[in-house]
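In what follows, every heavy atom counts, from backbone to side chain, and hydrogens, waters and symmetry copies are set aside. Quick note on labels: first sequence line is chain A, next is B, and so on, each numbered from 1. In this text, all values refer to a predicted model and were calculated from it rather than measured experimentally.
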2 protein chains.
Amino acid sequence: MNGLNPELMRGSLDLMVLSVLSDGSKYGYLIQQRLREASDELVDLKAGTLYPILHKLEKAKLVRSRWDETTGRKRKWYELTAAGKKQLGHRVAEWQRYVACLKQILGPLADAAPA
Amino acid sequence: MNGLNPELMRGSLDLMVLSVLSDGSKYGYLIQQRLREASDELVDLKAGTLYPILHKLEKAKLVRSRWDETTGRKRKWYELTAAGKKQLGHRVAEWQRYVACLKQILGPLADAAPA
DNA sequence: CGCAATAGATTGCCAGTCGATATATAGATT
DNA sequence: AATCTATATATCGACTGGCAATCTATTGCG
């Protein structure tokens, strides 16, 4: 996690992964890349972070996976379950409540934004 | 931390505390209350969370403290140092970059917001 | 007098991130 | 043929941080 304070990211990593999966199945490495692209290199999930998250989501039945060995390269494809899609909706709404909450706490500070 | 996913909050607790201190010195218990008010009860920092944060900020010279024993109740007042004010500016800017980043990752999901 | 609220602080548990490491294949370079 | 880089998945251990529980102590109310 390069570009931003890692502490800040912590709580939303699941959300990011679910979000990346919302427009179709992907395998781990691809999720990593997509996230890097979509965030302008700000989010660079390490393997040691990503795979535990995927396993956790799978255990919670929010995603399901299957191996693809038809191509030379072994890949494990992950896709959102119905519950996962529903959960994603909740998480997005929660995220927005969080942002609104912080905005209220920051008050006038939220306006001016010096580097 | 009642109203919202605690995991989500994790990274921004320091920022919240710094922010609450930006409009004047406060003692711990007061910070707790102000934060609860300012967030419409969504953020309720427990003592076991707040005091370690304050001590950490003090160690980092972002806040300074002094005891007030002139009133019956012993209170430890915390105030932002110059470095703390500067740091607050950085943290706010960083927060905004984070929010923008997430918005980009969420893409179309960020628009519709079902509960 | 007892109880709730105020006020500060510490300890120990648990969960989560990430660097390091392991394994293995594909394609490019030497 | 050998080496290197990128691809691809996975686990382990160290470290950090939040929070419930706990402790001490005071103020004010019924």
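One can place CG of Leu45(A) at 15 Å from C1' of dA8(D), the figure rounded to the nearest angstrom. Taking atom CH2 of residue Trp77(A) and atom P of nucleotide dT7(D), one finds them 15 Å apart after rounding to whole Å. For Lys74(B) and dT24(D), the NZ to C1' distance is 11 Å, given to the nearest whole Å.
In the model, Ser12(B) has a side-chain atom that pairs as donor or acceptor with a side-chain atom of Tyr98(A) under 3.5 Å.
For Asp44(B) and Arg36(B), the salt-bridge test passes: some basic side-chain N is under 4.0 Å from an acidic carboxylate O.
Shown for residues 22-34 of chain B: residues whose heavy atoms fall under 4.0 angstrom of DNA chain C, namely Tyr27(B), Gly28(B), Tyr29(B), Gln33(B).
Shown here, dA8(D) forms a base pair with dT23(C); the pair counts as Watson-Crick or G-U wobble because both key distances fall under 3.5 Å.
With sequence neighbours left out, Glu79(A) forms a salt bridge (charged side-chain N to carboxylate O under 4.0 Å, His left out) with Arg64(A), Arg66(A). Under the salt bridge (charged side-chain N to carboxylate O under 4.0 Å, His left out) criterion, Lys26(A) pairs with Asp23(A), sequence neighbours left out. Looking at residues two or more places apart in sequence or on another chain, you find a salt bridge (charged side-chain N to carboxylate O under 4.0 Å, His left out) between Arg91(B) and Asp14(B).
The aromatic rings of Tyr51(B) and His55(B) sit tilted relative to each other, their planes meeting at an angle between 30° and 60°.
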Write down the protein N/O and nucleotide N/O pairs, taken from nucleotides 12-16 of chain C, whose separation is under 3.5 Å; answer none if there are no such pairs.
none

Strictly under 3.5 Å: I want the nitrogen or oxygen pairs between protein and nucleotides 10-12 of chain D, one per line.
unit_1: dA10(D); atom_1: OP1; unit_2: Lys76(A); atom_2: NZ; d: 2.8
unit_1: dA10(D); atom_1: OP2; unit_2: His55(A); atom_2: NE2; d: 3.3
unit_1: dA10(D); atom_1: OP2; unit_2: Tyr78(A); atom_2: OH; d: 3.3
unit_1: dT11(D); atom_1: OP2; unit_2: His55(A); atom_2: ND1; d: 3.4

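Here the closest heavy-atom approach between residue Leu54(B) and residue Tyr78(B) is recorded as CD1-CE1, 3.6 Å.
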